[in-house]
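Written below as structure tokens is the structure these notes are about.
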Amino acid sequence: MSAFQTAIVPAAGLGTRFLPTTKAVPKELLPVVDTPGIELVATEAAQAGATKLVIVTSPGKDAVAEYFRPQPELEQTLEARGKTELVEKVRRAPNLIKVETAIQDKALGLGHAVGCAEGNLTGDDEAVAVLLPDDLVLPTGVLTRMAEARERFGGSVLCAFDIPKDQISAYGVFDVRDTGDDDVKRVVGMVEKPKPEDAPSTFAAAGRYLLDRAVFDALKRITPGAGGELQLTDAIALLINEGHPVHVVVHRGGRHDLGNPAGFLKAAVDFALEHPDYGPELGEWLRERLGNS
Ligand code: UTP
């Protein structure tokens, strides 16, 4: 049995960096080529062994949950027209994983959003995975390594990237101790966006968490932190201070930040260049466009 059955995807934020689009379209549904980011992370969760996905949405963002519901009429229309490949695409998200929703009435922060999913857990959920839908961690598979680390060390396991020191100020940075395994470190603290000279390490946080159920109790005891929001990292810091084991698995791969237009565009171009229908023409156009600038 996998270390977790339930994956939580917080998707109730305001998405202000994508305004004005996010007045009407949740940023989690913006297409990376033709597939919304939230389907990419739902696929990752299912591949890592999750059987249930709890999407935390806000009252105005029903479309996010709607995306995972079957659309029999559309499927029939496509089938009648012989569009088998499109039928497959339309069925993909509803068939991936069992989806439930939790509602966060107000965007009070990521920690608060995760806490809103507690009512969706069962007695069997000793740990839960949390995946931020605007963070693509590539290639997928890090959650499986995080589950192995939880088996070895217990407690909670986070994901880290080893970032060049001169870029570290953009990230939450872990203060770590060695475990004897180069890719697994014990976390003793965290610093948000430090100057390079003050950074306790070059290991920066990514949007993947495997959290012991104890985090829900910690989330009830934190007070608003950075930006006046209830921060998930404050609940994790509380657990560390109370002696709960927290480790990071270092992921040596790529990443795309879909949470802002610049990062989103890079992801879209990256995925499109790999796409057999669009890649060759896009590549040619980009070379010409950049050659002329
Ligand atoms: P972000 O800070 O990247 O998303 O939160 P945001 O707040 O929607 O975006 P901006 O900053 O206004 O542009 C990371 C993830 O946490 C969710 C977001 O939906 C996003 O997937 N989140 C954040 C919540 O679910 N609730 C919150 O209160 C805050």
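Note that ligands are numbered from 1 as they come in the structure, with each ligand's atoms numbered from 1 the same way. Scope of the values below: all heavy atoms of this structure, side chains included, with no hydrogens, waters or symmetry mates.
From the protein, the heavy atom lying nearest to atom 2 (O) of ligand 1 is R17 NH2, 4.0 Å. For atom 25 (O) of ligand 1, the nearest non-hydrogen atom of the protein is A12 N, 2.8 Å. From the protein, the heavy atom lying nearest to atom 18 (C) of ligand 1 is G13 N, 3.7 Å. Summary of contacts: the protein heavy atom closest to atom 16 (O) of ligand 1 is L110 CD1, 3.6 Å. With hydrogens left out, the protein atom closest to atom 14 (C) of ligand 1 is D134 OD2, 3.9 Å, a heavy atom.
Below 4.0 Å from some heavy atom of A107 lie the following atoms of ligand 1, by number and element: 28 (O). Per-residue contacts place P133 under 4.0 angstrom from the following atoms of ligand 1 (heavy atoms of the residue considered): 21 (O).
Of the inter-residue distances, the one linking S169 atom OG with E197 atom CD reads 7.5 Å to the nearest 0.5 angstrom. Taken to the nearest 0.5 Å, the CG atom of D125 stands 11.5 Å off from the CG atom of D212. Taking CD of E66 as the reference point, atom CD of Q71 lies at 5.5 Å (rounded to 0.5 Å).
Looking at L108 against ligand 1, only its backbone comes within 4.0 Å, counting heavy atoms. Heavy atoms of H112 found under 4.0 angstrom from ligand 1: none, in either backbone or side chain.
Between D175 and R177, at least one side-chain nitrogen of the basic residue sits less than 4.0 Å from a carboxylate oxygen of the acidic one, meeting the salt-bridge criterion. Looking at E242 and R221, a side-chain N of the basic residue comes within less than 4.0 Å of a carboxylate O on the acidic one, giving a salt bridge. Comment: D178 does not engage R186 in a salt bridge, judged by the lack of any side-chain N to carboxylate O separation of less than 4.0 angstrom.
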**Message:** E229 vs H112, test: side chain to side chain donor-acceptor pair (under 3.5 Å). Steps then yes/no.
**Reply:** CA-CA 8 Å; E229 296 191 335; H112 181 257; over 6 Å; no
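Where the criterion is an N or O separation shorter than 3.5 Å, residue side chain and backbone included, P10 meets it with respect to ligand 1.
For atom 29 (C) of ligand 1, the nearest non-hydrogen atom from the set A113, G15, G109 comes from G109.
Ligand 1 has at least one atom lying under 4.0 Å from a heavy atom of L14. In this structure, Q104 is part of the shell of residues with a heavy atom less than 4.0 angstrom from ligand 1. Using a 4.0 angstrom heavy-atom cutoff, K27 counts as in contact with ligand 1. Remark: distances from the non-hydrogen atoms of E28 to ligand 1 include one below 4.0 Å.
Between the side chain of T57 and the main chain of A12, no donor-acceptor pair closer than 3.5 Å is present.
Classification of the F18-F264 ring pair by plane angle, with boundaries at 30° and 60°, yields perpendicular.
Side-chain atoms of T179 and H247 include no donor-acceptor pair closer than 3.5 Å.
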